[in-house]
Structure formats: structure tokens, C-alpha cells
Amino acid sequence: MGTDAHVFLSDVARGLAPRADQMVDVVLQHLLGELPEVWKYEDIAAQAPVGLSEHVAASLDFLERGLDMTEVRTPPGAIEFACLLAEHGVPISQLLRVNRLVHASLLDQFNAEIARAAGSQELINAATVTLSAMAFEYVDRTSEQTVAAYQRARDRWLQRRLLVINEAGTRIGTTLDTTRTAQELADVGADHLADLVTVDLLSSALQEEGTYPVDGPATLRRIAQAVSDVSPDPAVGTGQTHTYPDGSEPARVLATGQPLRLRITADIPTWLATSADNELALRTMGLRSILLVPLWARGSPLGLAQFARSHMADPFDDDELLLAQEIASRAAVNIDNARRYTQERSTALTLQRSLLPQAVPEKSAVETASRYLPSGSRAGVGGDWFDVIPLSGARVALVVGDVIGHGLHAAATMGRLRTAVRTLADIDLTPDELLTHLDDVVIRMQGEEERGTDEISATCLYAVYDPVSRTCSLASAGHLPPAVVTPPTPDDDASASGAVGFPELPIGPPLGLGGLPFETAQFELPPGSRLVLFTDGLVQSRSRDVETALALLRDVLARAPASLEETCDELLSALLPSRPADDVALLVARTGVLDADHVATWDLPSDPAVVSKARFHASDQLAAWGLEELAFTTELVVSELVTNAIRYGKSPIQLRMILQSALTCEVSDASSTAPHLRRARVFDEGGRGLLLVAQLTEHWGTRHNREGKVIWAEQLIPASPDGISSALV
């Protein structure tokens, strides 16, 4: 009977062969009713009849020829159908269900034909049992092959997805520039996912420190877009702003942070066509499917990325939505990092520029030019600074320093140190003493810092130039020495350039170490010499060592023009052809000499009787300078200062008057005891001298040196007489 059943089944299959197409239609209708969600993909819907037709033909052939089960091979169309399901992310359970439904429908049709064609119930039963056994084994074998094909296709798709994600991680976020990061996102999307990609950022995200959930229509700015090779230009330029209406799909995506997949079946949405030209371009493109993916980072909305496909490509599926979301999420973090970096850099740069000197003192002992360049790297703005500080006795202090680190903290620390230097300079400390006190300031600042923060450290170079003696005194706390350019001598050739060198300077430890000494070096400068102070950002580079950079700096200075501004420009051009990797502070100063006619000096004996003589010398000198209107105040100041020096100081005593932008009277003695203001009582006979000096003059103070001290008082000149403007030569 078994042989008869096989022969009978072969005859049934032969009889059904002409009606194979009808059998296919029956199965398709059954599948459409049971699994409508599978057929929403057009390529799957197109492949299903092909695969099913091949499958029916293979089943009929298997029964008609009575093939051995080892010879069963799943038709190529069915394998392709399984691969499409895998590529669209349809779960494998759906594939298995399709297989079961197909075989169940075919089995029903075979059984109906068996019941019609069999002549006896015995043959029907035998044929049914034989067909069922063969069908189950056939289903098992073909399902095994389709599942294997599905898994291979799925693995390939996942591998491609992983490659795209890895590529996105490499290509997106290469810089801390917001616009470039957004463009990198658009480029990756156009290369792997869509025909058109646009990136819009909230205006608030570009302008404010923080962003908040969107309430109502929000203004967005299109900052990036990209198209695939087959798509036309969307005719919408970047930089334009727009809004999405309340209740529109993009507004919901922005507000909820949930992505959305849309299919465009008829008219283009009004929120998508931002202009008539844009609508025409989108119609020409044949827009078919859109992914709206929010750009959220750290719980706040930043903007929206749109991925669009034309009618030439399949609509987006769920897996592609997940892929777009993964890429956009990574890009959003990079965009937020770039945004925060830009905001912090801008804030730090604004803070730093506000802390740097805005103008140099007029009629100073030196002529100066300066430059400050912020870092061009991801490290951010640093703590480099420079300063020009007028001192008593027509002297001037030149400062350059560098706080270790970058960002707002470094800029704020720089401001605190610059203020400390100015305060210490105001009490006329020598360079080594000033750096010692500044070292203590840094150590105290370190103690105020929270645990876990970077330790504060800095370098500083402090120089004092005296135009009367033409001496430069300087000390370094871990900072490079300045370059000194001396002018050619009269005996040199007319075309000869000045000599360039670096003075022998004992370099002390950086600020913040404590307990280590600083030393002051002193040397004389010819008139018209140039001092070039700079931070290490000017000479440090990965492409060359410091010695090579210093040699290049020496060559540039040797041929630099007389203009200090041009000297700064040439130094930056030669040493920094591209954006600097670190902050750069540059200060170039040309030294002047105070004309001998503007300085008067008298040695005085330690005798109270000499006070009147000192007043006479001062009055005589004022007459020579044409400043008789200052005689009363000056005689009073000289009288008080000389009297104090004789009464409380030690010999030798010296009176010096300096005429520059102001009139300065100085009295020096060998005592280190400093005078101070005190409140005189009603019947006290003394104690009012320095109070009078302080009230009648613009500034007064004391500075100490190794020989003793100098008490000085400075008066403003009411009107500049002839010759004062040429005091410096």
C-alpha cells in the first residue's frame, strides 16, 4: 500500500502542476490575511510571489519524482525572501511562521486533491499519512536552510551596521567645532542611510549655556546638510532659521525626544517645505520616506536631524531607524561637547582679554608692542599674560607669565596672579623679593583649592628697567629668559643689525613649589635696546625643539624692522605659521634713556641746617624747568622728606628730582626703617609731615634696596612745558 500511496501522490502532483499559479494565489491570500505587517515592505511583497511560485514548483516536483529527502533544496526565491526579512529586521519568529503557514496551506490543497482523486477511503488514509510524514520532514529541512540563510543575512546586516557605527565614531566629532560636527553627521548619513540629510540646531542651544525642553514653536538654525550622489541639491542654504508649528511631527520629536518614521505618499508636508524653491526641489527628488531623529544630550534637546529617501530607494525600516538614532545620539554628544567647549572658550577668552592690559602707560620709560594669541587646540584658552607697570623714579616693570593649565580656571588664576604682581610692584619690591612673595600667594591659592582639582602652578618673568641708570633688573620663576636686541654702535656699518642674545639669568623654580630662592640679575642696556619677553607657546612645538625655535627667533630679531608692531607680526609669522598649540603672550619693549637735563641730584650731609639749602636747590631746579608754580608744594615736600631722613635715617643722604611725565622728588638714606602715616593728636608737635606730603602730592611711597631706602613723592604737571615730551632719548 505504501508503494501505491507514493504512486498515487506522484499522480496527484502531476495533476496539480497546471494549477500551480492558482495554488500560489491561495497561499498568498492566506499569508496576507495572517501576516499583513510583513507585506508593508515593497521589496518583500514583490519577492513573495516569486519565492512562493518556486516553492510550489519544487514541492510538486518532489512528490511527482519521489525524490530522496537528502536531495531537497530550498528554492533560491525562498532563500532571497528570508534574506529580505533579515535585512528589514523582521524577527525570525515571523519567518518560521511564514514557513508554517505556507506548508499548512499547501498541505490543505494537497489533501483536498487527494480526497477528490482517490477511489477509496483506504487510499485516502494511506496517501494522507504518507504526505504528512513527507511534509513534516520537508518543512524541517527547508526551514533549516531558510533559517540559516536568514541568520547569515542578519549577521551581514549587523556587521554592516557595526561598520557604519564605527565609521560614524571615527568621522563624527573630529573637532570641537559645532558646525563641522553637524556636517560630519550629515555626511555619514548621506553616505550610508539617506539621499538627503539635514541638521537643525535650536538657536537657544547655540547661544545659551543650558537648554531646556521646548515649549511652543522653537527657532532652529540649519547648520549642516548633505545629499547622496544621486540626489539634487535641496536648494536650501545653511544658516537660515525656521520654526515648526505646534503639533507637527518635528515639534513632537523635539519635545518628546522620541524618533519618528514617516512615509510620504502624496503632498509634501508644509513643515518640510520651508520655501517654494525647497518644495520644488523635494518634489523633483521624489521624497518617499523620512526619519525624524532628535538630537538630545545630557537630558536636553539640541536640535533635529532629518534623513530622507527618494522614490528610487526602499522606505526606511525599524532597524534603519535604530541605526540613525544611534548615529545621531553619538553626534549629539559631540555637538554638545563642541557647544560647551565653544561657550567656555569664549567666556575664558573674554575673561582673559579683560584681565590683560588694555593700554600701556603714556610717556613710559619704554615703548611697547604686544600680542596675545589663544590656543588653537582642544585644550582651550590658557593662563598666559603680560603687563607693563609704571614704577616710581620713572622706572617701569615688564611682566610675562604663564599659568599651567587651560580653561576658565586658568584664566581666573591668571587674573589673580596679575593682580598680585601689580600689588607687589606697587610697594617697589626687587624682582627676586617680588617672586618670593608671589610664590607664597600661589601656595596659599593651592591650599584654597578643592581636593581632586589640578594643582596651581605658574611661571613668571619680572623685569624692571630704570631709564636714569639704563639698568635692567630681572628674575625668573621657571620662565624662559628674554631676548635682548642691542642697537648697532656708531662704528658699525650703516647696514649692520643689532646684536641678539639671551642674558645669563639664574632661572628659579616655578611658582608654587615654595622654599626655594630666586635671584635677581642686572645688566646695562644701551639706549634703543629691545627686550622681547614671551611665553613658551611661542617656541615650543612638536615639530622642533626649543633650541631650534630660539635660533629662529634670534634670526628674526636680527633682521626685524624698527617698528615694534612689525617685529611682533614677523615673530608670530615665522614661529607660528599655523594656529598655536598653546597660548602665546608676546611683549616687545624698546628702552629709552632719561635726558640728563631732566634729572637733578644733590648729596646732603646729615645736618638739620641743610634743609633750607635743599629747598633752595629744589626751587632753583624748578625755575630751570619752567615749573615755578610747583615751587611751594615742592619745597614743602623736600623739606619734610629731607628732615625725616636726617632725623630717622642714616648717611649718606641724597636728594633727587626727576622730570618726566610727572615731577618726582626722592630722598634716599642708608636706613631700612620705613616711615608711615600716623594720626597726630591736637597738641602733638610732630607727626603731620607725611600726612601733608600725602595730601599735596598725587602718589608717594617707599622702596627698599640693598643700600637702604628711598622715599618718593610724585606731583602731576599742570601743563607740559617745552622739552618734557623729549625727556626720553
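- Thr697 and Glu714 share no donor-acceptor pair across their side chains, judged by distance under 3.5 Å alone.
- Not counting sequence neighbours, the partners of Ser469 by the side chain to side chain donor-acceptor pair (under 3.5 Å) test are Asp466, Thr471.
- Closest approach of Gln522 to Ser473, counting heavy atoms only: NE2-OG, 2.7 Å.
- Atom CD1 of Ile404 is separated from atom OG1 of Thr413 by 11.0 Å, given to the nearest 0.5 angstrom.
- Cys568 SG to Leu587 CG: the interatomic distance, rounded to the nearest 0.5 Å, is 8.0 Å.
- A donor-acceptor contact shorter than 3.5 Å is absent between the side chain of Thr633 and the backbone of Leu630.
- For the pair Ser606/Ile646, a side-chain contact is recorded, criterion being any heavy-atom separation below 4.5 Å from C-beta on.
- A donor-acceptor pair is defined here as one N or O able to donate and one able to accept, closer than 3.5 Å; such a pair exists between the side chain of Thr591 and the backbone of Ser529.
- A donor and an acceptor atom, one from each side chain of Asp402 and Thr535, are nowhere located under 3.5 Å apart.
- In this structure, the side chain of Ser639 does not engage the main chain of Glu635 through any donor-acceptor pair within 3.5 Å.
- Using a cut-off of 4.0 Å between Lys/Arg side-chain N and Asp/Glu carboxylate O, Arg371 and Glu565 are scored as salt-bridged.
- For Val638 against Ala618, the heavy-atom pair with the smallest separation is CG2-CB, 3.9 Å.
- With Gln183 contributing its side chain and Ala224 its backbone, the two residues share no donor-acceptor pair below 3.5 Å.
- For Glu524, the CD atom sits in a packed shell: over 12 heavy atoms of surrounding residues, nucleotides or ligands are nearer than 6.0 Å.
- Side-chain polar atoms of Asp545 and Thr548 form a donor-acceptor pair below 3.5 angstrom.
- Below 30°, between 30° and 60°, or above 60°: for Phe534 and Phe502 the angle between ring planes is above 60°, a perpendicular geometry.
- Although no hydrogens or angles enter the test, the distance criterion places a donor-acceptor pair under 3.5 Å between the side chain of Trp625 and the main chain of Asp597.
- A salt bridge links Glu184 with Arg180: the closest approach of a Lys/Arg side-chain nitrogen to an acidic carboxylate oxygen falls below 4.0 angstrom.
- Between the side chain of Arg470 and the backbone N or O of Leu525 there is at least one donor-acceptor pair closer than 3.5 Å.
- Ser476 has its side chain out of reach of Pro481: every pair of non-hydrogen atoms, C-beta onward, lies at least 4.5 Å apart.
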Quiz prompt | Derivation of the side chain to side chain contact (heavy atoms under 4.5 Å, CB included) call for Leu659 and Leu627 | solution = CA-CA 10 Å; Leu659 177 62; Leu627 296 174; 3.8 Å; yes
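- Without hydrogens or angle criteria, Arg422 side chain to Arg418 main chain gives no donor-acceptor distance under 3.5 Å.
- Across all their heavy atoms, Ala477 and Phe518 have their closest contact at CB-CE2, 3.5 Å.
- Between Val710 and Ser668 the shortest heavy-atom distance is CG2-CB, 3.7 Å.
- Closest approach of Cys665 and Met657 over heavy atoms only: SG-CG, 4.3 Å.
- Under the 3.5 Å distance criterion, the side-chain polar atoms of Ser619 are left unmatched by any main-chain donor or acceptor of Ala631.
- Taking every heavy atom of both residues into account, Tyr462 and Leu391 meet most closely at OH-CD1, 4.1 Å.
- The backbone N or O of Leu435 lies less than 3.5 Å from no partner atom in the side chain of Asp439, so there is not a single donor-acceptor pair.
- In the model, Arg395 has a side-chain atom that pairs as donor or acceptor with a side-chain atom of Ser392 under 3.5 Å.
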Self-check item: side-chain hydrogen bond (donor to acceptor under 3.5 Å, both in side chains) between Thr601 and Gln654, intermediate numbers included
Solution: CA-CA 7 Å; Thr601 305; Gln654 186 181 78; 5.1 Å; no
